[in-house]
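Remarks on the structure that follows.
By convention in this document, chain letters (A, B, ...) are assigned in the order of the sequence lines, proteins followed by strands, and residues within each chain are numbered from 1. The figures here come from the full heavy-atom set of this structure, side chains too, leaving out hydrogens, waters and symmetry mates.
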Amino acid sequence: MTDTEFLTRMLFEFSYWHDMQDDAFKPRAYQLAAESIGALGHEVKEAWRKGGIKELKELPAIGQAIAEKIDEYFRTGRIRSYDALKKKFPVDIYGLAHVQGLGPKHIRDLYEQLGVKNLKDLEKVLRKQQVRDLPGFGEKSEEKLARGILLMKRSTGRHLLGHILPLAEDIVTRLSRIPGVKQCVYAGSLRRRQETVGDIDLLATSSDPERVMKAFVHLPEVETVHEHGKTRSSVRLSMGIDADLRVVPDKVFGATLQYFTGDKRHNILLRERAIRQGLLLNEYGLFKGKKLLTCASEEAIYKRLGLDTPPPELRVGHDELSAAERHTLPDLLPYGSVKGDLQTQTNWSDGTSTIRDMAVAAKTYGLDYIAITDHTQSLAFINGLDEKRVAKQGKEIDTLNKQRGQSLARILKSAEVDIKPDGSLDLDDETLASLDCVGIAIHSHFSMTEKEATKRIIRAMSNPHVDCLFHPTGRLIGKREPYPLDMKAILAGAKKYRVALEINAFPDRTDLRDLHVRMAVDAGVPLFINTDAHDPEHFTLLSLGEAIARRGWATKRDIINTKSLNQLRAWLEKKRPRPNWTA
DNA sequence: GCCGTTTTCGGCCCGACTGTTTTCAGTCG
């Protein structure tokens, strides 16, 4: 268990504990703190290293009491008050809370009356049918808990945005065809384009909600129906993700869309703002007393509250509302702005297709140019290119560019040059100088300290031929942790050596991530958005990269490959001449 | 326990669905 996981779990268990005691407000405070720590990841420890309790208190939702707990944990490896809680209430609260339908009050009752401490105990008392006789429980709650355990065991946790988005779009299309449906969209974390999504939030308007609900719970991929109400239903789909559908009258669509786009922290801040103005905000509109002020559109609601409308990607409950109030929200990069993909692989190394096929696919997708960035010789197991093969590939690219006509994107000579453990590169400088554009990346020796990894990358960036650092943190969501990096030092190095950082759009990478994009934007470090395409199909992933850029408050100016080919060349040549430019 | 256009005290988002209840508590999003 990582530090972050422990702290999140500890805060979550305190939240539930206080809920069991019927405390009205501490549960929420601990809940928000847990979410905040979970979202910040290793930045929590960075903050603590930098300035202890004082710096921890600067983090959102962290005050004196929780900062002291975190400080105690980093200093001693323990938290005395948490140990005391576990002694007084020796229950795996966190594990039990993941069962659908099991909340703090029932966890308390199950422990106090039947001694249930963990999932195994719960399964046992359910089998013995002991739960149904407890006050507040019955036969149905027994069934519901048993079903909850089953669903939890079969759930695969959070899902990658890139895997769920196509499914959600398909479901929206099918629901839209139901007679009586006027509008149907996905909302929630999908609409915010979070890198992972926990469930699919759907919203529809219809004059006949019950008909829509019936069709929804009977979709072919529905495996279990959690709830089937008149205006809200919830199901588990066969791929292990839940989908919720809410149906409302067409005239309140704007208010409901706002409400279900969230996230939770954003909505709470917005509703608290409404209260300060003597108003009430819910999914049916903005009200003064019983009088409806507006519900027609998201924009109307934000405007009535004195705010510009933050794009969905920014609604995370940090500082977007204060920017909305001061009219300083960024002019986000529009979808479809990227003109060329500067990281693509072919069958010269580990891609599936020829250079020509990739250039055709890119053109079909609407791109003007692509860089061919096959792996280099250190990656021998996938036939990485040495200097000779780079030169040979360059000749093929020259030929294709000469005969390309209208059906191929312009092809740039490039490579995904491997960064060796000492920070040197595995192509010689002469070869690097012959390329139109040079990307570098780490592919091995991932177990480094923060200091070593940071030094290694900065040394690699200091090579005067380098233009872009690919997938800078090396993470693979759900498979590999990012190597530890001093991101501020990396950004300073990128700025000093005029190296762009990549936003890699591949679904399990999405690297840089949103927080780091925002740091780069603030630091004035230029960015590329690339798909890392290994197949012609992969160009469709570009919009995922654009989504990350938007979540990081990036504008068109921040993204180099929104430039035309000529502008790109001019940008590259500010660093060094490109004598062999193919285009 | 956190936080500040209410700033070191006094507030703290809101509603649908379910099941166990006879009017509501618990859970969820």
Considering every strand and a 4.0 Å limit on heavy-atom distances, what is the contact class for [X]: base, sugar-phosphate, or nothing?
X        : result
A:Leu32  : nothing
A:Phe260 : nothing
A:Val247 : nothing
A:His228 : sugar-phosphate
A:Pro27  : nothing
A:Asp201 : sugar-phosphate
A:Phe137 : sugar-phosphate
A:Glu325 : base
A:Arg276 : base
A:Asp23  : nothing
A:Leu269 : nothing
A:Ser233 : nothing

Mark yes or no for a side-chain to base donor-acceptor pair under 3.5 Å between A:Tyr259 and B:dG29, with no hydrogen or angle criteria applied. yes
Is the NZ or CZ atom of A:Lys87 both under 6.0 Å from the centre of the six-membered ring of A:Tyr82 and within 45° of that ring's axis?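 So A:Lys87 doesn't make the cation-pi contact.
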Grab the CZ-C1' distance between A:Arg132 and B:dT21 for me, whole Å please.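 Rounding to the nearest Å, CZ of A:Arg132 and C1' of B:dT21 are 18 Å apart.
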What integer distance in Å separates A:Asp19:CG from B:dG26:P? 9 Å
Identity of whatever pairs with B:dT8 - Watson-Crick or G-U, under 3.5 angstrom: none
Yes or no on side chain to side chain donor-acceptor pair (under 3.5 Å) for A:Ser15 and A:Arg28, after CA distance, side-chain angles and deciding distance? CA-CA 7 Å; A:Ser15 166; A:Arg28 187 185 149 200; over 6 Å; no
5′-ward residue of the pair A:Ile62/A:Lys264 relative to DNA chain B: A:Ile62
Would you mind telling me which residue lines up with the more 5' stretch of DNA chain B, A:Leu134 or A:His18, judged by nearest nucleotide? A:His18
Aromatic ring centroids of A:His106 and A:Phe137 under 6.0 Å? yes
Closest nucleotide among [options] to the [X] side chain:
X        : options                : value
A:Lys144 : B:dT18, B:dC28, B:dT27 : B:dT18
A:Lys140 : B:dT6, B:dG29, B:dG19  : B:dG19
A:Arg232 : B:dA16, B:dT27, B:dG1  : B:dA16

Can you tell me if [X] touches the phosphate of [N], counting only side-chain N or O atoms and a distance under 4.0 Å to OP1 or OP2?
X        : N      : answer
A:Thr231 : B:dC17 : yes
A:Tyr16  : B:dT27 : no
A:His106 : B:dT27 : yes

Salt-bridge contact A:Glu55-A:Arg49 (side-chain N to carboxylate O under 4.0 Å):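 Answer for the salt bridge query: no.
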Would A:Phe25 pass as stacked on B:dC2, i.e. its ring centre under 5.5 Å from the base's six-membered ring centre and planes under 30° apart?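 A:Phe25 vs B:dC2: stacking no.
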Once the angle between the rings of A:Tyr30 and A:Phe14 is folded into 0 to 90°, is it parallel (under 30°), tilted (30 to 60°) or perpendicular (over 60°)?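 It falls in the parallel class, under 30°.
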Heavy-atom pair of closest approach, residues A:Asp319 and A:Arg518: OD2-NH2, 2.7 Å
